[in-house]
Amino acid sequence: QETVRVRYSPRIARWITERKGATATIDGSVTVEYPLADPEWAVRHVLQYGPDAEIEAPTSVRVLVRTRLTEMADDAR
């Protein structure tokens, strides 16, 4: 099964590590992989953390996040 890899900033990494059992890196960030059953879930998941979460892979989900952010910006105008 395909996975989605999300990097969380040091600002929220402690909270993520407590919930997911992940280990923070030297810079304080944490990266977690999740099964990717629904790309829309991944988009919603990352957007809820704002700039503190980033999809690292797959590229297709990164593109979905970028598209959603563009749509939101257009709607705000």
Side-chain angles (χ1 to χ4, degrees):
Q1 179 176 9
E2 189 174 18
T3 60
V4 61
R5 189 171 61 241
V6 181
R7 181 188 174 277
Y8 301 92
S9 74
R11 192 174 99 134
I12 63 168
R14 182 174 175 183
W15 186 78
I16 298 295
T17 58
E18 290 173 1
R19 292 194 63 199
K20 300 298 178 191
T23 303
T25 61
I26 213 109
D27 72 354
S29 68
V30 66
T31 301
V32 178
E33 288 196 8
Y34 302 96
L36 183 59
D38 179 9
E40 286 298 321
W41 171 87
V43 171
R44 290 188 306 273
H45 177 75
V46 167
L47 291 180
Q48 75 178 325
Y49 295 106
D52 290 311
E54 175 187 1
I55 299 282
E56 290 188 333
T59 302
S60 61
V61 179
R62 286 179 62 88
V63 169
L64 286 175
V65 170
R66 187 176 305 123
T67 300
R68 181 70 50 82
L69 288 170
T70 301
E71 290 169 352
M72 291 168 63
D74 289 346
D75 289 347
R77 292 180 197 177

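Being a predicted model, the structure only gives us computed values, none of them experimental.
- Listed by chain and residue number, Val30 satisfy the side-chain contact (heavy atoms from CB on, under 4.5 Å) test with Ala13 (two or more places apart in sequence, or in another chain).
- Val63 and Val6 are not part of a single hydrophobic cluster, where members link through side-chain heavy atoms under 4.5 Å apart.
- Residue pairs meeting the ring pair (Phe, Tyr, Trp, His ring centres under 6.0 Å) criterion with at least one member in residues 51-77: none, sequence neighbours excluded.
- Residues Ala22 and Val32 come closest through the heavy atom pair CB-CG2, 3.8 Å.
- Taking hydrophobic clusters as Ile, Leu, Val, Met, Phe, Trp and Tyr residues chained together by side-chain heavy-atom distances below 4.5 Å, Tyr8 shares a cluster with Leu47.
- Residue pairs meeting the side-chain hydrogen bond (donor to acceptor under 3.5 Å, both in side chains) criterion with at least one member in residues 18-28, sequence neighbours excluded: Arg7-Asp27, Arg14-Glu18, Thr25-Asp27, Thr25-Ser29, Asp27-Ser29.
- Annotation: ring pair (Phe, Tyr, Trp, His ring centres under 6.0 Å) contacts involving residues 56-77, sequence neighbours excluded, are absent.
- Applying the side-chain hydrogen bond (donor to acceptor under 3.5 Å, both in side chains) definition to pairs two or more places apart or across chains, those involving residues 64-77 are Glu40-Arg68.
- Identified under the ring pair (Phe, Tyr, Trp, His ring centres under 6.0 Å) test for residues 19-38, with sequence neighbours left out: Tyr34-Trp41, Tyr34-His45.
- When the shell of 6.0 Å around CZ of Arg44 is examined, it contains more than 12 heavy atoms from other residues, nucleotides or ligands.
- Shown here for Val61 and Ile55, the closest heavy-atom pair between the two residues is CG1-CD1, 3.8 Å.
- Considering every non-hydrogen atom in both Leu64 and Pro39, the closest pair reads CD1-CB, 3.6 Å.
- Between Glu54 and Arg62 the shortest heavy-atom distance is OE2-NH1, 3.0 Å.
- Not a single side chain to side chain donor-acceptor pair (under 3.5 Å) links Thr31 to another residue, sequence neighbours left out.
- The salt bridge (charged side-chain N to carboxylate O under 4.0 Å, His left out) check on Glu2 picks up nothing, with sequence neighbours excluded.
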